[in-house]
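Report on the structure given below.
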Amino acid sequence: LTLKAAQKMEQVEDIYAVQAQVTQQQSRIRELKKAGASTAQEILDEVEILNNLRAKLAKFNEEKAPETPFNRKSFDELILRKMYVVPSFEIHNGPAGLFDYGPPACALKANVLATWRRHFPLEESMLEMECTNLTPSSVLETSGHVDRFTDFMVRDEKTGECFRADKLLEDAVDNLLMANPNVDIREQEAHKIIQRQADAFSAEELHQMLLKYNVKSPANNENALTQPFPFNLMFKTTIGPEGTSVGFLRPETAQGLFVNFRRLLDYNQQKMPFAAAQIGLGFRNEIAPRNGLLRVREFCMAEIEHFVHPDQKSHPKFKKVADKVLTLFSSDAQLTTGRTVQITIGEAVRSGLVNNETLGYFMARTQLWLESIGVNPEKMRLRQHLKTEMAHYAADCWDMEIHMSYGWIECVGHADRSCYDLIQHSTRTGVAMVASERLPEPIQVEKLVCEANKKLIGPRFKGDQKLVLAALEGLEGAELDTFKSAIETTGKATLSEKYEITSELVSFTTEKRTVVETKYTPSVIEPSFGIGRILYAVLEHAFSQRDGDEQRCVMAFKPSVAPVKVGIYRLINHAPFDPIVSRIKDLLHNENITCKIDSSSGTVGRRYSRADELGIPFGITVDFQTLLDHSVTVRDRDSMSQVRVPFNSLLEVLQGLVTEKLTWAFVLSRFVVVSVKEEEGEGSAATAAATTEAAPVVAPVVVQYSTRGSFSRPNPLSK
């Protein structure tokens, strides 16, 4: 450690403070590199400080590791074995980053999206759209995606194989240092600095570095590489047989909503504010997809675009969520204490921590929705973007992060994007993306008006004349003043970034007008949900093992999103049970309650274990007692307790349980509790073997079984 680095390092024993220092140091290094004014030694000192802070943080994390860590190996095996998620084109050794949802995950996803629709579009009266996946290049050029989604690649000159240029440079530095372990320490650090800056070099700088380190093709060490070229992370294609119209598979769903703003506003009868929503697929050609469903090449998104007056961002329903307590990780805290704070969203907005009510409203509603589908609230936090990572046009951004086995993962973004998106599309197309607000009383104003010389504009712009005329009509306010000034000063001005308007094409007059409304470009507040990541969080948070036994895995899904709501079992494969099982299945299907009949061999207890792996919350067992009194055993997955329910009450009970309008505790208090003991996937409430253990929940009456039948008696533990 150099003297300067040693002076800046502090002895900090608080893990949160160390986390804050790591974040602060990363931000500082990012700013130094961006400024380009620091010497190599100064950057080296700062990186050395960062490495020491990371080492200290790793030590803290190791010491606070949970006693029973998440068993990812068992989890991954279960996910594959029960066909929740499987690699796409597996038998063909398909490419990484593509996955197929099996029957359980397909149903889970459908249920999660159904709750999202109820919680957001239906509850908030949003306008839902379904836009195309294919997007013309001009749209994504306007949004900035064509320029933004790029990495530099190189190509093997002989085989044509492509590689990511900055990764090859990083590997070359590693290989050099490994081959020369006795290199002077300062020379080593100089190489490491180049390695750390690899992703910040321009194409020419990368080319020079690859030549300096004599980097060849990884496929064949004799083959040379081309100069670096930009690789766009979007999937490029052509639209139409001519091959001249370039398009992309969309990297996000938002642009379809932005370009339809005018029609949505008309559909909403010009009423503001309003929100539009969309569920659909996004595509990103990730170079190194990893971490299962967390970084993939095709993914499902659910996005909301809430259009609002830029100066009026209050929300009429904010009071309903104002008392909701959230865990917030502000940008200041990330750089200082490293601690989150639990605070009501009402107080967060009043104090200015969260920029406005509408943004805060969606943050709270997101938390409520995630809790309703089974995400652990203790593993959620809302992290504010640092200034160094926030877009220049954004007013405020908060990411909903969920803690999983891979750490804190961003799953939902909440961004106040101001007026940026609509202005960009309006400027590019010449189409006004504005809303209007009626004034309390009409007012008289002098207004500068731009009048187009249509006789000259038609021949000059031909097929584009309508776009030019619309853009001229849309000029007003400061934009019109700037346009007029350019015409008067230079004799020409650029319209919509591509049309050159000369002085003879336009004239300017000042008119007195009666104004009854003002026009404005709305701001956009955007909650964006990564459904794939959220599904992965639901899967991880639902996973557990009974008593730590790797053979007894449980997926404790909430009943509202569980892929299958009810399992139906026969005590044994006995012909008189068949019509009863069929009747129960039809009864449930008629009420849209998904169920699964397990008639496989083995004990009922083992079938219960299989159902637990699929997350089935409730089970019905038909046994010999059913033939006598028309009652069945209903089992709860989480507590493994069971009750005896008459057939005429069965549907009502299950409807209440699967919709979460009834709790299992309520059912236990209303029906006879069966005394059971489930052995490692073997025992069951309906087995003929007797058990005298009391039920874990105290009930007034219990049922016990013997080899000769069953009998009810008062529960000795009941008062």
Side-chain angles (χ1 to χ4, degrees), residues 120 126-149 234 247-268 270 272-280 282-284 301-313 355-356 358-359 362 385 389-399 412-436 467 470-471 474-479 496-498 519-530:
F120 289 106
M126 295 177 179
L127 310 180
E128 187 173 354
M129 291 192 67
E130 183 176 323
C131 301
T132 175
N133 291 329
L134 281 173
T135 307
S137 179
S138 60
V139 175
L140 295 169
E141 288 170 10
T142 303
S143 67
H145 283 86
V146 171
D147 295 330
R148 189 183 310 139
F149 275 73
M234 294 187 293
F248 297 91
L249 293 178
R250 62 184 180 186
E252 64 176 22
T253 63
Q255 300 307 316
L257 299 178
F258 293 143
V259 299
N260 279 295
F261 168 74
R262 289 193 313 154
R263 291 189 179 278
L264 288 167
L265 183 62
D266 286 342
Y267 182 87
N268 205 44
Q270 300 294 316
M272 288 284 294
F274 74 92
Q278 181 174 192
I279 296 172
F283 304 84
R284 295 180 188 177
M301 305 177 70
E303 291 191 309
I304 296 168
E305 309 301 334
H306 186 92
F307 300 100
V308 63
H309 193 292
D311 299 325
Q312 299 171 18
K313 295 181 181 178
N355 186 269
N356 58 77
T358 300
L359 182 63
F362 282 112
H385 283 203
E389 61 180 324
M390 195 183 300
H392 67 279
Y393 53 80
D396 198 7
C397 297
W398 293 81
D399 288 341
V412 186
H414 304 84
D416 183 337
R417 299 174 61 90
S418 67
C419 308
Y420 175 80
D421 300 284
L422 295 182
I423 288 175
Q424 289 296 105
H425 286 292
S426 179
T427 302
R428 176 66 181 262
T429 62
V431 176
M433 297 283 198
V434 296
S436 59
L467 293 175
L475 290 174
E476 59 181 24
E479 188 179 11
S496 300
E497 297 184 351
K498 60 179 179 179
K519 294 184 178 180
Y520 61 91
T521 302
S523 284
V524 178
I525 293 173
E526 177 191 72
S528 178
F529 300 77

Checklist entry - Roughly how far, to the nearest 0.5 Å, is OG1 of Thr253 from CE of Met129? => result 11.0 Å

Checklist entry - Sub-3.5 Å donor-acceptor pair from the side chain of Ser426 to the main-chain atoms of Ile423, do we have one? => result no

Checklist entry - Just wondering, do Leu467 and Thr429 contact through their side chains at under 4.5 Å, heavy atoms? => result no

Item to check | Donor-acceptor side-chain pairing of Ser528 and Glu303 below 3.5 angstrom | outcome: yes

Item to check | Short side-chain to backbone donor-acceptor contact, Asn268 and Leu264, under 3.5 Å | outcome: no

Checklist outcome for this item: Residues at least two apart in sequence or cross-chain that pass ring pair (Phe, Tyr, Trp, His ring centres under 6.0 Å) with His414, listed by chain then number, are none

Next on the checklist: Working to the nearest 0.5 angstrom, can you tell me the gap between Thr132 OG1 and Leu249 CG?
Outcome noted: 9.0 Å

Item to check | Which residues share a ring pair (Phe, Tyr, Trp, His ring centres under 6.0 Å) with Phe307, sequence neighbours left out | outcome: Phe261, Phe274

Checklist entry - What residues form a side chain to side chain donor-acceptor pair (under 3.5 Å) with Tyr393, not counting sequence neighbours? => result Arg417

Item to check | Qualifying residues under side chain to side chain donor-acceptor pair (under 3.5 Å), relative to Gln255, sequence neighbours excluded | outcome: Glu252, His425

Checklist entry - Checking Gln278 side chain against Cys131 main chain: does a donor-acceptor pair fall under 3.5 Å? => result yes

Item to check | Any donor-acceptor pair under 3.5 Å from Asn260 side chain to Arg263 backbone | outcome: no

Next on the checklist: Could you go through Phe362 and His306, starting from their C-alpha distance and side-chain angles, then the distance that decides it, and tell me whether this counts as side-chain contact (heavy atoms from CB on, under 4.5 Å)?
Outcome noted: CA-CA 10 Å; Phe362 282 112; His306 186 92; 3.8 Å; yes

Checklist outcome for this item: In this structure, CZ of Phe258 is separated from CD of Glu305 (nearest 0.5 Å) by 3.5 Å

Item to check | Counterpart residues, salt bridge (Lys or Arg N to Asp or Glu O under 4.0 Å), relative to Asp396 (two or more places apart) | outcome: none

Next on the checklist: For a side-chain contact (heavy atoms from CB on, under 4.5 Å) check, start with the C-alpha distance between Tyr520 and Val434, then their side-chain angles and the critical distance, and finish with the verdict.
Outcome noted: CA-CA 5 Å; Tyr520 61 91; Val434 296; over 6 Å; no

Next on the checklist: Applying side chain to side chain donor-acceptor pair (under 3.5 Å), can you list everything that pairs with Gln312, at least two apart in sequence or on another chain?
Outcome noted: Glu437

Checklist entry - So, the side chain of Thr142 versus the backbone of Arg428: is there a donor-acceptor pair under 3.5 Å, distance only? => result no

Item to check | Ring centers of Phe529, Phe120 separated by less than 6.0 Å | outcome: yes

Next on the checklist: For the OG atom of Ser523 and the CG atom of Leu359, what is their distance to the nearest 0.5 Å?
Outcome noted: 11.5 Å

Item to check | Distance (rounded to the nearest 0.5 Å) between Thr135 OG1 and Leu140 CG | outcome: 5.0 Å

